[in-house]
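What follows is one structure encoded as structure tokens, with my remarks underneath.
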Amino acid sequence: MTKLCEIQEPPLYVPLHPCEGPKEDILESDVSPVEQVQQAVDCLHSSEGMLIREAKLNFNRWSVMDYARAYGSGEITPSMVAERLIAAIKESSGAPLQMSFFINFDSDDILKQAKESSHRYERGEPISLLDGVPIAIKDEIDCLPYPTTGMSTL
């Protein structure tokens with residue numbers, strides 16, 4: 001549905017809040033290309049183990065690759081993420097927080113899609129890197145079956 005919409009301005013790629021996740025290592029630029037590749041591989045191995053440990057503690061800002069690695073390893077499934085996401089939405093919307101970050105969502109649909117994604121990962125056939133990654137759509141963008149409200153109650 002979103003492939004038919006036209007976005008009038010580019011999306012914001014830099015978060016407006018500090019990252020609570022692990023610090024990212026910066027590769028040294030004054031080493032040979034072979035050494036740079038080895039440093040990058042070493043970063044991947046160490047961050048993969050950190051992802052699984054930290055996933056059990058709290059919500060962190062994960063990248064698409066973080067989800068893909070975690071789903072591919074089988075340690076985390078899209079269904080597990082969906083259940084935690086729904087619980088967090090409900091917790092943040094209720095008393096005492098009453099944040100209402102999400103105007104509209106369908107728990108059953110989220111769980112159904114996550115279950116289907118989990119089965120694809122079990123078979124080793126994810127649709128793409130985005131398969132099972134939770135996303136939010138602003139309510140000013142047309143996306144069926146949700147209403148386009150632009151934050152208006154009219």
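Each residue takes its place number in the sequence, starting with 1. FYI, side chains are in, hydrogens and waters are out, and symmetry mates aren't considered; it's all heavy atoms of this structure.
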Is the shortest side-chain heavy-atom distance between Phe102 and Ser92 below 4.5 Å? no

Could you check whether any side-chain heavy atom of Arg69 comes within less than 4.5 Å of a side-chain heavy atom of Met65, counting everything from C-beta outward?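 Arg69 vs Met65: side chains touch.
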
Closest non-hydrogen atom pair, [X] against [Y]:
| X | Y | answer |
| --- | --- | --- |
| Ile141 | Thr148 | O-OG1, 3.8 Å |
| Met80 | Glu75 | CE-O, 3.9 Å |
| Thr77 | Tyr71 | C-CE2, 3.5 Å |

Go through the steps for Lys115 and His119 under the test side-chain contact (heavy atoms from CB on, under 4.5 Å), then give the verdict. CA-CA 6 Å; Lys115 183 177 178 182; His119 289 307; 3.6 Å; yes

Rounded to the nearest 0.5 Å, what's the gap from CG on Leu111 to CG on Leu85? Could you check? 9.5 Å

Look up atom CD1 in Ile76 and atom OH in Tyr67, then write down how far apart they are to the nearest 0.5 Å. 9.5 Å

With sequence neighbours excluded, what pairs up with Ser107 under the side-chain contact (heavy atoms from CB on, under 4.5 Å) test? Ile86, Lys90, Phe105

What residues form a side-chain contact (heavy atoms from CB on, under 4.5 Å) with Ser117, not counting sequence neighbours?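 Ser117 satisfies side-chain contact (heavy atoms from CB on, under 4.5 Å) with Pro78, Arg120, Tyr121, Asp131 once adjacent residues are dropped.
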
Checking Trp62 against Val133 for the side-chain contact (heavy atoms from CB on, under 4.5 Å) test, could you report, in this order, the C-alpha distance in whole Å, the side-chain angles of both residues, the deciding distance, and whether it holds? CA-CA 10 Å; Trp62 281 20; Val133 176; over 6 Å; no

Got a sec, which residues hit salt bridge (Lys or Arg N to Asp or Glu O under 4.0 Å) with Glu116, two or more places apart in sequence or on another chain? Lys112

Cluster question for you: counting only ILVMFWY and a side-chain heavy-atom cut-off of under 4.5 Å, with indirect links fine, are Phe101 and Ile110 together?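 Same cluster.
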
